[in-house]
Amino acid sequence: MSEATAPSFAYLGPAGTYHDEAARAFAHRLGIENPELVECPSLSEVFDCVDRGRTEYGVVATENALEGPVTATLDNFAFRSSATILGEHVLDIHHCLIMHPDATRDDVKTVVSHPQGLGQCRRYLNDKLHGIPTMTVASTADSARRAAADKSVAGIGNAFAAELYGARVEEACIEDHFGNQTSFALIGRQGHVPVLTGTKFKTSLALFLQANRPGALLMILSEFAYAGINLVKIQSRPTKQALGDYMFFVDIEGSTSDLEVQTALNCLRLKLREVKVLGSYPVE
Ligand SMILES: O=C(O)C(=O)Cc1ccccc1
């Protein structure tokens with residue numbers, strides 16, 4: 001009998017990123033013991049892997065408690081990808097200042113990390129490493145790799161990345177607020193069967209207006225109110241057509257298999273340019 005290949009997960013790599021941690025958490029929830037982890041250099045490439053069937057799943061950050069929505073993910077959902085959200089997972093994020101094993105703080109001439117890492121430690125950097133230039137790199141794991149190779153470089157990432165690349169943790173929990181968390185979405189190709197079960201569901205939508213006219217947003221919200229549907233989240237993104245033109249991401253309680261959700265979506269489809277259902281999935 002031939003051995004079945006393990007389901008594959010595309011994630012923002014390399015090994016040791018927070019996306020890596022989230023991908024392993026999803027694999028664990030799905031009961032997959034040895035997932036094939038496919039590292040990607042950007043979030044767009046994670047979406048491409050899923051849309052083209054290169055991997056069964058993808059893992060993309062959607063929102064951070066300190067930095068807000070992850071715009072690269074939202075723009076892929078709105079304008080590039082047809083992937084479906086299958087689940088969400090929230091990770092506690094505790095960053096470390098990562099240095100070369102032999103370096104002292106006096107050696108450090110640059111602090112590098114992913115923009116999210118730098119942004120979530122802005123106050124720490126200003127207070128404790130004041131005046132030291134920062135530089136963005138592709139991921140927090142990449143910053144650990146660079147710190148391990150150069151005494152003048154410090155990185156920001158997790159302790160696992162520091163260990164993996166042979167660097168050391170100079171200081172732990174340097175994030176600006178202790179309640180720092182990031183929410184990640186598990187995505188699959190459009191039409192992927194649901195893989196996670198639950199009792200309460202959520203549905204994510206991308207809504208595009210016909211025209212920017214008075215009451216357009218009120219009309220959207222009214223359809224949910226009429227159908228008795230509770231809103232979980234609403235945020236706007238530029239349509240990229242003209243300054244001041246926005247589309248909306250809305251999360252609602254319930255699933256597309258619920259009659260009231262179907263009713264609200266059918267009403268919205270009559271009034272909006274596009275109603276893109278990003279997925280219905282269990283609330284964590
Ligand atoms: O570099 C990492 O470890 C990441 O996972 C980067 C990241 C984190 C949160 C949102 C977008 C990218």
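Read the numbers this way: they start at 1 and go in the same order the structure lists the ligands and their atoms. Throughout, numbering of the chain's residues begins at 1 and tracks the sequence.
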At a non-hydrogen distance cut-off of under 4.0 Å, which region of L12 contacts ligand 1 (side chain, backbone, both, or neither)?
side chain
Could you list the atoms of ligand 1 found under 4.0 angstrom from a heavy atom of A61?
9 (C), 10 (C), 11 (C)
Using a plain distance cutoff, I'd like to know if Q116 has any nitrogen or oxygen under 3.5 Å from a nitrogen or oxygen of ligand 1.
no
For R80, is there an ion pair with D51 - N to carboxylate O distance below 4.0 angstrom?
no
Atom 4 (C) of ligand 1 sits nearest the protein heavy atom H19 ND1, 3.5 Å
From the list T134, V112, V137, I174, side-chain contact (heavy atoms from CB on, under 4.5 Å) with I156 holds only for I174
Y281 ring center within less than 6.0 Å of H89 ring center:
no
With a 4.0 Å heavy-atom cut-off (strictly under), which part of S139 contacts ligand 1: side chain, backbone, both or neither?
both
Salt bridge R269-E274, side-chain N to carboxylate O under 4.0 Å
no
Any Lys/Arg nitrogen of R24 or D20 sitting under 4.0 Å from an Asp/Glu carboxylate oxygen of the other?
yes
Any N or O of T140 closer than 3.5 Å to N or O of ligand 1
yes
Just jot down the ligand 1 atoms closer than 4.0 angstrom to any heavy atom of T17, in number order.
2 (C), 3 (O)
pair Q116-L118: side-chain heavy atoms closer than 4.5 Å
no
Top protein contact for atom 12 (C) of ligand 1, by heavy-atom distance:
H114 CE1, 3.3 Å
